[in-house]
S.K.: 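Before anything else, here's the structure in question.
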Number of protein chains: 2
Amino acid sequence: MTRWLTDDELQAWLKLAGVMLKLSPALDSQLERDSDLTHFEYLCLAMLSEDEDHTLRMSQLATKANASLSRLSHVVKKLEARGLVVRTPCADSRRVTMVSLTEEGWQVLVAAAPGHVETVRCLVFDGLSPDEVDQLQKIAGHIVSQIDGANLSSVRR
Amino acid sequence: MTRWLTDDELQAWLKLAGVMLKLSPALDSQLERDSDLTHFEYLCLAMLSEDEDHTLRMSQLATKANASLSRLSHVVKKLEARGLVVRTPCADSRRVTMVSLTEEGWQVLVAAAPGHVETVRCLVFDGLSPDEVDQLQKIAGHIVSQIDGANLSSVRR
DNA sequence: CCAACATAGTTGAAGCATCAAGTTTCTTGG
DNA sequence: CCAAGAAACTTGATGCTTCAACTATGTTGG
C-alpha cells in the first residue's frame, strides 16, 4: 500500500522541490558572474579554509562538501589547474591524497565571500525570524540524516 | 559592509546546502533505477497530469516545474521522442506550443508514482511533525518567493 | 500604421555531474 | 602469511543544464 502524501505534505514538498530547482542555479549564477566559481567549488574552498592547516584528505572534503569522491576529484583537478588548490600525497598512507588551499585560492575565496554571503542572506534569510532559522536548521538536518541513513541501510544489505 | 551570517544562520545554511546537494541525486537515482525517469522529467509529467486536459503551454509548464524554457524544451523533446508527451501548435496564437501527456505518458507516471512518493516520504517526511511540515512549507515558500522577487528586480532595471 | 520592443520557443555548444570501471594500497579472516 | 575484500582515489564516457544566439510571432507607443 502506498503511503500517499497528505495535502499539506504535498504543498510543502512542491515548495521544497522549488527551492532545489531554483536556489542552486541562483547561487551558481551570482558566483560565476562575480568570481568565476561554481557554488560547489566555493563550498570546497570554504571547507578547506575552515581547517587550521587549510588542508584535508579528499575523502574528508567529500564528506564536508556533501559530494561523491568522483565529483570532488573532477572539481579538485580543475581547481588545481587554476592554482587555487594543490594535491599532495600523504606521508602516512599512500592511498590518501591531501588537498590544500593555496595562497591564491585563499585570496579568491576571501574576495568571493562577501558577494556570496550577501546573496545567501537576500535569498534565504532576509525575512526569516530567528525561530524560523532554527526550524530550518532542524528540518534540513533531519532530511540530510534520513538520506545518509538510507544510503547506509541500502549498502548494508 | 558585508552582513555576515550569524552562527545559527551559518549552521542552517550548511544544512540546507546539504539538502540541495544530496536530495536531488537521491531522488534521481531512485526514479532512474525504477522508472527510467529523471526527477525533473517526473515533475513535468506530474504537472501535466494535474491539468484537466493533461495539456499546458510550454511556458505554463515551465513555471509550474520551476524551470527555464530552454531546459524544458530539451526535456520535452526527449519525452516526446519516448512517446510520453506530444507537442501541438496552438490554434489561438501561433507562437505558443501546447504539450500534452499521452496515454503512455500517463501510464508511466502512474507506474512511477508509488515508488517516488514512498522515497519522498522516507527521505523528507518520516519523523517530521505536522507542525514541522507546516514550517517547511512556509520557509521553503518564502525562499522561492525571494528568488522570484530577486529575478524580477534584476530584470526590471 | 509601423518600428521597436516583448513574448514564446528552439537549438547547438560548452561545461558539470554521474556512473561504471579501473588502479593502487590497506586490512583481515583463516 | 596471504588471499580476498575493502578503502581511497582517478578516469572516460554519457547525459543533463545552462548560456547565448536565433526565429517567429504578438503588442504598443508615437
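Chain identifiers are assigned alphabetically (A, B, ...) following the order of the sequence lines, protein sequences preceding nucleic acid strands; residue numbering begins at 1 within each chain. Reckoned from all heavy atoms, side chains included, excluding hydrogens, waters and symmetry mates.
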S.K.: Give a yes/no on whether any side-chain N or O of A:Ser59 is located under 4.0 angstrom from OP1 or OP2 of D:dC9.
M.R.: yes
S.K.: Which of residues 37-53 of chain A sit near DNA chain D, with a heavy atom under 4.0 Å from it?
M.R.: none
S.K.: Please tell me if the side chains of A:Val117 and B:Leu5 come closer than 4.5 Å, counting only heavy atoms from C-beta onward.
M.R.: yes
S.K.: Under 4.0 Å, counting only non-hydrogen atoms across every strand here, what does B:Thr97 touch: a base, just sugar-phosphate, or nothing?
M.R.: sugar-phosphate
S.K.: How many Å lie between CG on B:Asp28 and C1' on D:dC16, as a whole number?
M.R.: 10 Å
S.K.: Nearest-Å distance, CZ (B:Arg33) to C1' (C:dA20)?
M.R.: 16 Å
S.K.: Establish, with yes or no, whether the OP1 or OP2 oxygen of D:dT11 is under 4.0 angstrom from a side-chain nitrogen or oxygen of A:Lys77.
M.R.: yes
S.K.: How long is the line joining CZ of A:Arg94 and C1' of D:dT10, in whole Å?
M.R.: 18 Å
S.K.: Nearest whole Å is fine: how far is D:dC9 P from A:Asp92 CG?
M.R.: 13 Å
S.K.: Can you find a heavy atom in the side chain of A:Cys122 that is under 4.5 Å from one in the side chain of A:Glu118?
M.R.: yes
S.K.: Check whether any side-chain N or O of B:Arg87 sits under 4.0 Å from OP1 or OP2 of C:dT10, and answer yes or no.
M.R.: yes
S.K.: Go through the steps for B:Phe40 and A:Leu21 under the test side chain to side chain contact (heavy atoms under 4.5 Å, CB included), then give the verdict.
M.R.: CA-CA 9 Å; B:Phe40 181 67; A:Leu21 286 161; 4.2 Å; yes
S.K.: Salt bridge (Lys or Arg N to Asp or Glu O under 4.0 Å) with A:Asp126: which residues, sequence neighbours excluded?
M.R.: B:Arg3
S.K.: To the nearest 10 degrees, how far apart in direction are the end axes of the helix from C:dC1-D:dG30 to C:dG30-D:dC1, each fit to five base pairs?
M.R.: 30°
S.K.: Can you measure A:Leu69 atom CG to D:dA6 atom P for me and round it to whole angstrom units?
M.R.: 17 Å
S.K.: If you look at every heavy atom in A:Leu45 and A:Leu109, which pair is closest and at what distance?
M.R.: O-CD2, 3.7 Å
S.K.: Can you tell whether the side chains of B:Glu9 and A:Arg121 come within less than 4.0 Å, N to carboxylate O?
M.R.: yes
S.K.: Looking at every strand, decide which applies to B:Arg71 at a 4.0 Å heavy-atom threshold: base, sugar-phosphate, or nothing.
M.R.: base
S.K.: Using side chain to side chain donor-acceptor pair (under 3.5 Å), reason through A:Gln135 and A:Asp131 one step at a time and then give a plain yes or no.
M.R.: CA-CA 6 Å; A:Gln135 291 162 7; A:Asp131 272 359; 5.3 Å; no
S.K.: Using whole Å, what does the distance between atom C1' of nucleotide C:dG9 and atom CD of B:Glu80 come to?
M.R.: 13 Å
S.K.: Provide, to the nearest angstrom, the distance between the CG atom belonging to A:Leu72 and the C1' atom belonging to C:dA17.
M.R.: 13 Å
S.K.: Among A:Asp28, A:Leu79, A:Leu31, exactly one meets side chain to side chain contact (heavy atoms under 4.5 Å, CB included) together with A:Thr38. Which residue is that?
M.R.: A:Asp28
S.K.: I would like to know whether A:Gln146 and B:Val124 meet side chain to side chain contact (heavy atoms under 4.5 Å, CB included); could you show each step before the answer?
M.R.: CA-CA 7 Å; A:Gln146 307 250 60; B:Val124 177; over 6 Å; no
S.K.: State which of D:dT27, D:dC19, C:dT25 makes the closest approach to the side chain of B:Arg95.
M.R.: D:dT27
S.K.: Round to a whole Å and report the spacing from CZ of A:Arg57 to P of C:dC26.
M.R.: 11 Å
S.K.: Of the options C:dG12, C:dC16, D:dT17, whose atoms approach the side-chain atoms of B:Ser70 most closely?
M.R.: C:dG12
S.K.: Tell me which of B:Val96 and B:His74 sits closer to the 5' end of DNA chain C, going by the nucleotide each one is nearest to.
M.R.: B:Val96
